[in-house]
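Written out below as C-alpha cells is the structure these notes cover.
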Amino acid sequence: MITRKRLAVGVCGLLAVMAAALAPSPAVADEPSAKPVPKVELTLDVSGSMRARDIDGQSRMAAAKQAFNEVLDAVPEDVQLGIRTLGANYRGEDRKVGCKDTRQLYPVGPLDRTEAKTAVATLTPTGWTPIGPALLGAAKDLKGGDGTRRIVLITDGEDTCAPLDPCQVARDIAAEGIHLTVDTLGLLPDAKTRQQLSCIAEATGGTYTSVQHTKELRDRVHQLVDRAADPVVTPVPTEGARQCATAPKLKAGLYSDREKFAEHRWYRVDVRPGQELRASVSIAADRAVNNDYGVLLRASTVHGREIVRGAEAGDGRTDVISSGLRYPKSPDTPDGDDGDPAAETVCLQVSNSFSAPASVKTDPGLPMELSIDLVDGPGDASDTASFGLGHGWWLLVSLALAGLLAGLLWGWISRWRVTVWRTN
C-alpha cells in the first residue's frame with residue numbers, strides 16, 4: 001500500500017515538473033519593441049470668414065464641426081490625435097495680437113472622443129488667419145517619438161499675418177529633418193489660397209485638396225488620419241560632404257538630405273564582391289525654379305575613376321526629378337587581411353543644376369531622398385542584365401530566330417515555285 005502511494009506521488013511530481021517545463025516562460029528580453037505611435041494634429045481655421053454660409057446650405061464652420069465629429073468617431077485606436085485652432089479667440093483689430101491667436105484646443109495623445117467633441121462644439125468664427133504661427137505651434141505639439149507625424153491644415157483663406165510666410169515656415173519645418181508632413185485642405189479656395197496651400201504641402205511632401213462639400217471634407221480628413229496609422233518607411237536624416245574622403249558611410253536604406261542649388265554632395269557605400277549596388281536619388285522642386293535643370297547621380301572609386309552614372313534633365317514645371325544607377329561588383333575579388341572578401345568603397349556623388357529667380361529664397365536647400373539597396377549580383381554572364389536588354393531579351397532572340405526561319409522557308413518555297421514554272 002505504501003509502495004503504491006509512493007509511486008502515485010512520484011508520478012504526480014513527474015507530471016508537475018513536465019508541465020512546468022513545457023509551460024511558456026514569460027517573455028522579457030525577447031518581447032518585440034513597442035510599435036512607434038503615429039501622431040496627427042488637426043489644425044482648423046476659426047477666423048471670421050468661416051461664418052460664410054456656402055457649403056451645403058450651412059456655414060463653413062458648421063460643415064467643419066460636422067466633419068470633425070464624424071472623423072473623431074472613426075480615429076484608429078493606435079493614433080494619438082490633437083486639435084489646434086487659429087483665429088479662434090481674438091476679436092479685435094490689433095494685427096500683432098491677432099497674428100498670435102493660435103492655441104492647442106485638445107492635446108496630442110490618446111483620444112477621448114467625448115472630450116474632443118465638446119471642445120470642438122465651443123468654437124465660434126472670430127478673428128485673423130495666422131497660418132504660419134499655427135504651423136510652428138503644431139510642429140512643437142507633435143515633437144517626440146519615432147512614429148509618423150502629420151498636420152492636417154483646414155482653412156478657407158490665405159494667411160493674413162505676413163511677412164511670416166507660411167510656405168517658408170513649412171520649408172523650415174521640413175529642413176529640421178523631423179519627417180513631419182503637412183496636408184492642406186482649402187474650403188472653397190480662391191487662386192491665392194490654392195497657391196499658398198499647395199506650396200505648404202509640397203514643401204513637406206504632403207498633399208493639397210480643394211473641398212466644396214461637407215462629405216468631401218469628412219472623407220479626406222478621415223483618409224489622412226488613417227494614412228498616418230499605416231506603416232511607412234521613414235528616411236534617415238544624413239548630411240553629405242563636399243568630398244568623398246569625408247563623406248558619411250551609408251548602408252542599405254532610405255536617407256533624406258537638403259541640397260543647395262547647383263551643389264555637389266558626396267556619400268560612401270561599401271559593396272562586397274558578388275553584390276550589386278542599386279542607388280536612386282529624387283530632388284523635389286518645392287519652390288519656383290528656372291527652366292532647364294537636371295540631376296546627376298555618379299558612382300566612382302575612392303581614387304576618382306568614374307564607374308557608372310545616371311542623369312535626368314527637365315524643362316518647365318515639375319515637382320520631383322529622379323535618377324538612378326546600378327553597379328554589380330565582381331565576385332572574383334582577393335580576400336582581405338581577415339580572410340573575408342574585401343569590400344569596395346564606392347563614392348556616390350549627387351549633383352543638381354537647379355537655379356531660381358532672384359526673388360526666390362534658396363535657403364534651406366531642396367529636399368532630397370537617396371535610396372540605397374545592396375542585392376545579390378548577377379551569377380554569371382547568362383544573367384539577363386548582362387545583355388543590356390532587361391528581362392525581355394529572350395523575346396527579342398525568339399523573334400529574330402522566327403524571322404530567320406520564316407525567311408528561309410519563304411525563300412525555299414519561292415525557288416520551288418520558280419522551278420515548277422520553268423519545268424511546265
Selection residues 257-266 - residue pairs positive for salt bridge (Lys or Arg N to Asp or Glu O under 4.0 Å), sequence neighbours left out: Asp257-Arg265, Arg258-Asp286, Glu263-Arg265

Quick one: salt bridge (Lys or Arg N to Asp or Glu O under 4.0 Å) pairs with a partner in residues 94-112, sequence neighbours left out? none

Can a salt bridge be assigned to the pair Glu77 and Arg113 using a cut-off of 4.0 Å between side-chain N and carboxylate O? yes

Can you tell me which residue pairs pass the disulfide bond (SG atoms under 2.5 Å apart) test with a partner in residues 117-152, sequence neighbours excluded? none

With sequence neighbours excluded, residues passing side-chain contact (heavy atoms from CB on, under 4.5 Å) with Gln349: His264, Trp266, Arg298, Ser351

What residues form a side chain to side chain donor-acceptor pair (under 3.5 Å) with Thr184, not counting sequence neighbours? none

Which pairs of donor and acceptor atoms, one on a side chain in residues 129-136, lie under 3.5 Å apart (sequence neighbours left out)?
residue : atom : partner : partner atom : Å
Thr129  : OG1  : Ser47   : OG           : 3.4

Could you give all pairs that pass the disulfide bond (SG atoms under 2.5 Å apart) test and reach residues 70-138, with sequence neighbours left out? Cys99-Cys161

What pairs with Gln243 under side-chain contact (heavy atoms from CB on, under 4.5 Å), at least two apart in sequence or on another chain? Thr246

side-chain contact (heavy atoms from CB on, under 4.5 Å) partners of Thr193, counting only residues at least two apart: Glu158, Pro189, Asp190, Leu197

Applying salt bridge (Lys or Arg N to Asp or Glu O under 4.0 Å), which residue pairs with at least one partner in residues 142-152 are found, sequence neighbours left out? Arg150-Asp183

Taking side-chain contact (heavy atoms from CB on, under 4.5 Å) as the test, write out the residues that go with Pro235, two or more places apart. His179, Leu254, Ser256, Glu369

Validation: residues 355-366 side-chain donor-acceptor distances under 3.5 Å, sequence neighbours left out:
residue : atom : partner : partner atom : Å
Ser355  : OG   : Asn290  : ND2          : 3.1

